[in-house]
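All values below come from the heavy atoms of this structure, side chains included, with hydrogens, waters and symmetry mates left out. In what follows, chains are A, B, ... by sequence order, proteins preceding strands, each numbered from 1. Predicted model, so just to flag it, every value in this text is computed and none were measured.
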Amino acid sequence: MSEQQNARVETPYRQAVLFALKPEPPPLGSITDHTPAYLLPLAGKCLADRMLGRLADIGVSEVFILIQGDSNAGAAFFEDGTRWGVNIQLIDVRSPEQAVERLKVINLEPPFLLGDLYRFPVLDETSLKELSDAGTALVTHSDGEPTGWAALASDALETCRAAENPDKLFDILAATTNHRVMEANVLSCVSARDLLLSLDVLLGNKVNSQVVSGASGDPGLWIGAGSVIHPTVDLAPPVWIGENCRIGRRTQLGPNVTISDNCVLGERSIITRTCVLPGTSIGDELELDETVADRNYLAYADAGQTVAIPDPFLIAPNKPLAVASMLGAFLGRLLALLLLPPTLPALALVWLTGLACGQRRPIEVVECVRLPAPTDPMLWKTFGNRRWAAGAHRGWNALRDTRILKVLAAIPNIALGRLHWVGLAPRTVEETMALSEDWKMLYLGSKPGLFQLAEIDQRHIGESSEDQQFSSEAFYAASQSVRQDMRIVLRGLFSPRPRHAPADQTAILTLSTGDTAIDQLHDFLHHELNSRSVSKVKTEAIITAAHEAMTNVIKHAYDLKPGLPVQLHLRGDAERVELELFDKGKEFKPETIAKPDFSEAASGGFGWHLINSIADQVGASRLNGWNQLTLVFDHSPEGETQDEY
Amino acid sequence: MSIKTTLEGNIIIIEAEDKRLDMQSVPAFKDSVIGQLAPGKSIVLDLRAVDFIDSTGLGALLAILRRVKETDGTMVLVEVSEQTLAMFRLVKMTRIFDIYATREEALNLMNR
C-alpha cells in the first residue's frame, strides 16, 4: 500500500466558512442529479471528505457550510462533523445572495478561512504559512485565477459582510488586498475536465497531504477488496480500482483511470483517462477516453457536456438488489394475479354496465410514464394505464368513482407489474414534464400506485391544493417502505369523509384588479357566507358593502389600473361576520371624503355612505404600504343605520 | 393545535405549542395561523415544540407560505428540530423555506 503522511500543521485558523452553491450550469450535468459533485468519489474519497480532513489537520474546529440546493445528501454525509473531529453547522440557503446574508449572523472570529465545497486548493505547509503571515489573502491558481478560497483577518470581515453575493465578495477581496497565495494543485469537481485533472493529481501522488487508499501491489496500482480482474486485463498505471468490481477479459485500463466501487466492465474495452463512478456497468468492446461515466451518462471532458446513453448494453446502472422492496413488489403482483380470475366476471359486468350507460369504451387506456425513470425524457418508457372512462351518464360517473371499481380496473396492471398497490399518481409524459424540477425528480425516482398518500391526505383534511399534493408525494417518496404501503392501503380503504371547515375559519381571497375581480368577490362571498349559514338578507347586505369597498379600491386606490393586488379576509358565522379588505394603492383617508350629495344634481359618491350604512363597524388603517378596511356586521340582518357624518 | 402569538413591530411571531404537526392537528393549526396573517406583516414561525411533522404538516406550511407571499410578505421558520429538519431535507423543502437556528438570528436579519 502506498501511503504518505498527512501533514498536521499549526495554523491560526479555527473556523472555516464553505460555500456549497450550485454552479450553473450544474457540474457534470445529470450525473449530479443523484449525488452532489462534492460527494463523488475521487479515488475512493470524495472532495468534501478530503477537504474536511485537511481542515481538521490544520486546526480548524468549526466549519459552517452554506448549502444551496439539495442538502439531504450533504446533511447525511457531514452529520455534525464528529467523523473529522470538527463541529459542522449546515445552513440551507436558497440563493447566493442569501448565503452572504447569512454571513452577517454567523459568529465569526477572524482569522478564518473562506472556501468553496466544489474546489479545494490543497494548502500545503508553505501556502498556509504565507496565508497566516498575510492576514487577509486570496488563494489563486498558478495562473492567478481565483480558486474561491481566501483567508480573512478582522479587517476584511465587515467589508465582506457588505457584499451582495459571493462573487462580489471575492471581487471586493481582490480589490482590497494585494496578497495572493498561489497553489499549483487545486482539486475540483466543477466539471468533468476538472474532475479528471484532480484525479491526475491524486493518482500522480503530487500532494503529500492527500492519501490515495487501497491495496496496492505495484506502484501506481490500487485494487480494492473483492474485485475480480481477469488475468488477461492490461493495466497501465496509474489505475485505481475500488471494491467489488469485475473487469472482463482483454480489457485495457489506464493510464489515469479510476473505477469506483461495484462497477462491471465488459470484455475487450479500452478505458484511458476516465473516471467510472460507483455502480456503473460498461459493456464490451467500448473505448472511453477523457470521460466521466456514471450509470447511463457520459460526461465528456473536451466537449464539456453530458449525454445520456439509452442502450443499456453499452453503459448502464449496476444496481445492488433491494431485497425488501423486490419482495414487496413480488407479493403485490402475486396478490393481483390471485385476484384476477375471480374479479374477471365483475370486470366484465361493469364493462357491460358501461356499455348500457352509453359508454362506447367503458375502459380507457392512458399512456403513463413507467417508473422509476431516468431524468432524461428521451429514456422514458410508458405503460397503458387502464381506468374507467368518464362519460355523460351521471350514474356511470358516480359508479366509476367508487373505490371498489378503481381497484377492479387496476388489478390487471398490477398483475402485469406496471402499477403497484401503493405509489404516486400515474402521470402521462406531458403531465410529468409539467411538474416543477424538484417534483419531477422525486416523481421519476418513485413508483406509480393505485392507493396514493396524496389522495388520502386530501380526503382527510379536505385540502386539494398542489402544495398539499406535492408535500404528500415528496413525503411518500422519501419515506417509502413496505410498512408505510400497508398503512396507506388501510387508510385508503377505510379513510373518513372529507372534513368540513369550522365556521370560525378565516377564508382568504386573493385577486388582482381587472374585469373579473368583482365577479370573483361575489362568488367568494356567496360561497363563504352560505357555508357559514348567514341569512340571505344579511348576505346580500354584506355583499353590497363589500362590492362598494372593492369598487372604491379599484377606482380610487388603483385609478382603474388592472393587475394590482387585493386581498379579502373573512371570518365569522351567522351572528357576526368580519371582513378585512387589503390593497396597496394610494393611502385611504376617510376624513377627506366629502359628504354625500343627495340632491337631484348628484352624480355619485354614495359608496362610502352605503358602506357605513350597512356595516355595524367600519375601520380604516394603513401598514407597510397596505390599506386595511375592516367591516363588521354583527347586529340585525340589515345592520343598523349609522349616522357617521 | 394551539399557537402563541406575539408582535414585534411588523413581525408576527407565531409559536406552535403542540408536539406534532400531523393530519390531526393540521386543520386547526392552519386555521389559527392563517387567522393571524395580514398584508404588510412578516411571520416568524417558531417550531421549537414540534418534534414530528408529516406530509399534511408539510403541506400546511407550504400553503401558509403561499398566503404570505401573495401579499409580498416573508415567512421564516426558526427552532426547527433535528427530525423536522431532516424531513425538510428529505423532501427538499429546504429550498423553499428560510430556516434559522434561533428566533434572535431571524429577527436580527429581518430587522436590518
Side-chain angles (χ1 to χ4, degrees), chain A residues 67-76 89-94 98 101-102 104-105 438 441-442 453-454 456-457 460-463 465-479 499 501-502 504-508 510 565 567 569 571 580 582-584 622-626 628, chain B residues 9-10 22-28 30-42 53-67 69-73 77 80 82 85-102 104-109 112:
Chain A
I67 192 162
Q68 181 194 9
D70 185 359
S71 60
N72 188 36
Q89 193 180 334
L90 204 64
I91 301 168
D92 294 277
V93 297
R94 286 188 287 110
Q98 200 181 48
E101 276 290 301
R102 286 301 187 99
K104 295 173 186 169
V105 293
D438 288 344
M441 291 297 297
L442 75 90
L453 180 63
I456 289 161
D457 283 345
H460 192 95
I461 62 168
E463 169 79 51
S465 64
E466 260 192 23
D467 291 332
Q468 185 56 62
Q469 189 171 14
F470 168 64
S471 69
S472 298
E473 290 201 352
F475 187 89
Y476 176 77
S479 57
R499 186 188 73 88
D504 58 354
Q505 177 191 18
T506 300
I508 298 181
T510 304
Q567 195 169 86
H569 293 200
R571 56 179 76 86
E580 287 170 331
F582 298 90
D583 72 85
K584 235 183 164 186
R622 188 167 175 93
L623 178 68
N624 281 352
W626 288 85
Q628 177 178 344
Chain B
N10 293 334
D22 61 10
M23 61 181 181
Q24 302 294 338
S25 57
V26 149
K30 240 176 83 173
D31 294 348
S32 307
V33 172
I34 285 178
Q36 301 295 321
L37 302 184
K41 293 204 161 98
S42 297
I53 186 166
D54 74 355
S55 56
T56 54
L58 293 172
L61 291 177
L62 273 179
I64 294 166
L65 179 65
R66 191 178 292 279
R67 291 272 187 228
K69 281 191 168 175
E70 277 167 358
T71 54
D72 305 331
L77 307 180
V80 178
E82 281 304 316
L85 193 57
M87 184 61 64
F88 272 101
R89 290 197 172 119
L90 210 54
V91 300
K92 298 178 177 53
M93 282 194 185
T94 47
R95 289 189 247 197
I96 300 171
F97 292 98
D98 289 333
I99 302 173
Y100 293 84
T102 63
E104 290 67 36
E105 223 176 78
L107 289 172
N108 218 1
L109 217 52
R112 277 177 187 257

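- Comparing B/T56, B/L37, B/I34 by heavy-atom pairs within less than 4.5 Å of chain A, the highest count is held by B/T56.
- Ranked by heavy-atom pairs shorter than 4.5 Å toward chain A, the options B/R67, B/K41, B/E104, B/M93 are led by B/R67.
- Not counting sequence neighbours, the partners of A/D92 by the salt bridge (charged side-chain N to carboxylate O under 4.0 Å, His left out) test are B/R89.
- Applying the side-chain contact (heavy atoms from CB on, under 4.5 Å) test to A/Q567 and every residue at least two apart in sequence or in another chain returns A/I508, A/T510, A/H569, A/F582, B/P39, B/E70, B/T71.
- For A/R102 and B/Y100, the positive end sits near the middle of the six-membered ring, less than 6.0 Å away and at most 45° from its axis.
- By number of non-hydrogen pairs under 4.5 angstrom with chain A, the leading residue of B/L85, B/I99, B/L65, B/N108 is B/I99.
- Using a 4.5 Å cut-off between heavy atoms, A/Q98 contacts chain B through its side chain alone, with no backbone atom that close.
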List the steps, then state whether side chain to side chain contact (heavy atoms under 4.5 Å, CB included) holds for A/R94 with B/T94.
CA-CA 8 Å; A/R94 286 188 287 110; B/T94 47; over 6 Å; no

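- At least one donor-acceptor pair closer than 3.5 Å links the side chain of A/S471 to the backbone N or O of B/G59.
- The minimum heavy-atom distance between A/F470 and B/L62, with the atom names listed, is CD2-CD1, 3.8 Å.
- Taking A/G74, A/S472, A/P565, A/A73 one by one and counting their heavy-atom pairs under 4.5 Å with chain B, the maximum is reached by A/S472.
- Residue contact with chain B, scored on non-hydrogen atoms closer than 4.5 Å, is absent for A/I67.
- Looking only at side-chain heavy atoms (C-beta outward), B/N10 and A/L623 come within less than 4.5 Å of each other.
- Contacts of B/I64 with chain A are absent, with no heavy-atom separation under 4.5 Å from either backbone or side chain.
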